[in-house]
Each structure stands twice: as structure tokens, then as C-alpha cells.
Amino acid sequence: MALSTGSKKIKTAVFISGTGSNLKSLIIFSILKSSPISINLIVSNNSKAKGLEFGKIFKIKKKIFDFKKKNSAEKKILLELKKNEINFICLAGFMKILSKNFIDNFKGKILNVHPSLLPKYKGLNTYKRAIANKEKYSGCTVHFVNSKLDSGKIILQKKVKIKKNETEKSLSKKILTQEHKLYSRAIEKIF
Ligand code: GRF
């Protein structure tokens, strides 16, 4: 398998808030020679995000921004993105809602992964709500980000069966495994 950090790849920032398992699979994807992206920056609102350790392991620059003052955090992020010549953003478990102004600066260049079959179950607690509604299927979606929460154009989705005794924990685990594959496939699809 050919690996490269590639100078001609699309410079990408990944935004995280927590575990960063999607970040990890995106990094592994990005170092394949055939990948259209390189990951040059990790952005987080949470200095304790476990996923930040991948910055160290893979020697990727990471930056933490305090979202208590969202406007100023976003301004600082935009400057940092410019400084690092970033022109593509992957949200991966990023738990803050970006403003319309921020999104307009990267129109059509921000993706997100969401643990449901959108347009169903936007927002939080997707597993709980899908199980409570006795859905037969749930899944995950990779979509473009626009200024409406979890409402941008869908790129790819993967269905997952909800079993009789499914718990939030078992469902989230199954969906997360699919997210890891779907995100890279969605990136391949759009470039
Ligand atoms: C994923 O399920 C993602 O869809 C949701 O938050 C979770 C993040 O997981 N928005 P991780 O931090 O990538 O492990």
C-alpha cells in the first residue's frame, strides 16, 4: 500500500471535541497515496479531548480554542486556517455549532459525519431516539455542512440494522464502525 503525506493534496483541518476515532481513521486514510487530502491541522474546543493524542502520534499540528466566546474563537480559527493554508474541513465529533459567518467562509468545503440516517434524528441522542421509536434501521450520514443543523446536502449514508435487544451502547458501537469507513468514501466521492 503506497503511503504519502503529499504536497499536492488538499490541506485539511479536522475539528474534534472528544475521542477522535473518526479523526484516527481520517488520518490513516489521508496518508494513503491515493487519498485526495492531507491532514495538516487538528482543531478542538476541548483541551482534554482524547483525540488530541493523535496529533502527537502522527505529528500533526493541533490547536485548542475556547468557545466561551464563540465569535472570537471562530475569528481565531479562521486566522489559523488561513495561516496553515487549509481549504477543507472535516467535522468529526465536533460538538459546537459553527456560525453562518464561519460556514460562509468555507462554503461547500465543510463535511460532517452524523450518527443517524438524516434527515431523521438531527441533533443529539440519535441512538436513544431511534430505539425508542422502534426503528428497524438506523445508520450514519456524511453530509456537507450548511448553516442549518445537520441539514446540508447528503453525500453518503450507511444503513445499520437495529436488533430486538439493541442498546444505545451496542448501536453506537455498530454505527461508529461504519462511520469510520463512510467518511473516507464520502471524501473520495466528492474529489
Ligand atoms: C460520532 O458518532 C459522530 O457521528 C458524532 O460524535 C461521534 C464522535 O466520535 N458526531 P469520535 O470522537 O470520532 O470517536
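Just so you know, ligand 1 is whichever comes first in the structure, and atom 1 is the first atom listed for that ligand.
- Contacts between Asn112 and ligand 1, counted as non-hydrogen atom pairs separated by less than 4.0 Å, are absent for every part of the residue.
- Within the 3.5 Å criterion, the main-chain N or O of Ile10 finds a donor-acceptor partner in the side chain of Thr12.
- Remark: the Lys122 side chain and the Ser151 side chain contain an N/O donor-acceptor pair separated by less than 3.5 Å.
- Interface atoms of ligand 1 facing Thr19, defined by a heavy-atom separation under 4.0 Å, are 12 (O), 14 (O).
- Atom numbering of ligand 1 starts at 1 in the shown order; those under 4.0 Å from a heavy atom of Leu176 are 1 (C), 2 (O), 9 (O).
- The pair Glu188-Arg185 does not meet the salt-bridge criterion, since no charged nitrogen lies less than 4.0 angstrom from a carboxylate oxygen.
- Of all the heavy atoms of Glu179, the ones lying under 4.0 Å from any atom of ligand 1 belong exclusively to the side chain.
- Of the protein's non-hydrogen atoms, Ser21 OG, 2.5 Å is the one closest to atom 14 (O) of ligand 1.
- The shortest heavy-atom distance from Pro115 to ligand 1 is under 4.0 Å.
- A donor atom on one side chain and an acceptor atom on the other are not found under 3.5 Å apart for Asn46 and Ser17.
- Ring pair Phe106/Phe102 is parallel by interplanar angle, where below 30° counts as parallel and above 60° as perpendicular.
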Take Lys163 and Glu166, measure what salt bridge (Lys or Arg N to Asp or Glu O under 4.0 Å) needs, and give me the verdict at the end.
-> CA-CA 5 Å; Lys163 288 192 190 143; Glu166 200 78 58; 5.8 Å; no
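- For Phe94 and Phe67, the ring centers are positioned less than 6.0 Å apart.
- Proximity to Gly93 (heavy-atom distance under 4.0 Å) selects the following atoms of ligand 1: 6 (O), 8 (C), 10 (N).
- The protein non-hydrogen atom at the shortest distance from atom 12 (O) of ligand 1 is Gly20 N, 2.8 Å.
- Under 4.0 Å from ligand 1, the heavy atoms of Tyr127 that appear belong solely to its side chain.
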